[in-house]
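What you see is a predicted model, and the numbers here were worked out from it, not measured in a lab.
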Amino acid sequence: IAKAARNRGAEVVLIAANSNLEELKGIKTLHVSSAQEMQDQLAVQFPTCEILLMAAAVADAKPSAPSLEKIKKADYKSITLEANPDLLANLSKIKKPKQVLVAFAAETSKIDKATIDIAISKMTNKGADMIYLNDVSDGAIFGSSETSGLLIDNNGEIVEVINKSKDTLADLLLDRALNKLR
């Protein structure tokens, strides 16, 4: 997506977490290692952007007391979790009328009416303009050059994406986001 936007002449800032992507020429890359660091970078970058695509799969929770040392088997009891910041919901609170926010919903079950309803609810509740819903069960799409899913627009339109290259999806997302800016 970042390369497709750059190739269209956009000024692109990529906030990357735990990524082994090589540096992309013409793209400013900011590396973060936690959801909090990502939120901090988004707070700086989002106010001046026109289109934000939130493709990261940020964990909903994290250990409340992370250990800097290996935990011995004898000490395994339980792990207490606390919520990570809800990046999308936090951004929608400061979203301006001339900004487009694109969300992603990775599900680990078959896409059906229930998962579509969940994605629509997520899009609405978190103030996104579009959401791309896909089934990632059994590692589907990760490391692959192709994707399948549904692009759901807040105007009610649903576009089916079947075995398309991720480059094709990037162009589709950017085309639709740019149309919303007009």
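We find that K98 and E50 are not joined by a salt bridge, their nearest charged nitrogen and carboxylate oxygen being 4.0 Å or further apart. A salt bridge between E23 and K28 is absent, with no side-chain N of the basic residue lying under 4.0 Å from a carboxylate O of the acidic one. A salt bridge links D175 with R8; the closest basic N to acidic carboxylate O contact falls under 4.0 Å.
Side-chain polar atoms of R182 and N179 form a donor-acceptor pair below 3.5 angstrom. A donor-acceptor contact closer than 3.5 angstrom links the side chains of N90 and Q39. Side chains of S121 and T124: a donor-acceptor N/O pair is absent below 3.5 angstrom, by distance only. Side-chain atoms of K180 and N155 form no donor-acceptor pair, as typed in the model, at a separation below 3.5 Å.
Within 6.0 Å of atom CG in L24, more than 12 heavy atoms from other residues, nucleotides or ligands are found, so the atom counts as buried in its surroundings. Around CG of D75, the count of heavy atoms belonging to other residues, nucleotides or ligands within 6.0 Å exceeds 12.
A heavy-atom distance below 4.5 Å is not found between the side chains of L150 and V161. E82 places a side-chain heavy atom less than 4.5 Å from the side chain of K62.
Side-chain N or O atoms of D86 include one that pairs as donor or acceptor with a backbone N or O of A89 at under 3.5 Å.
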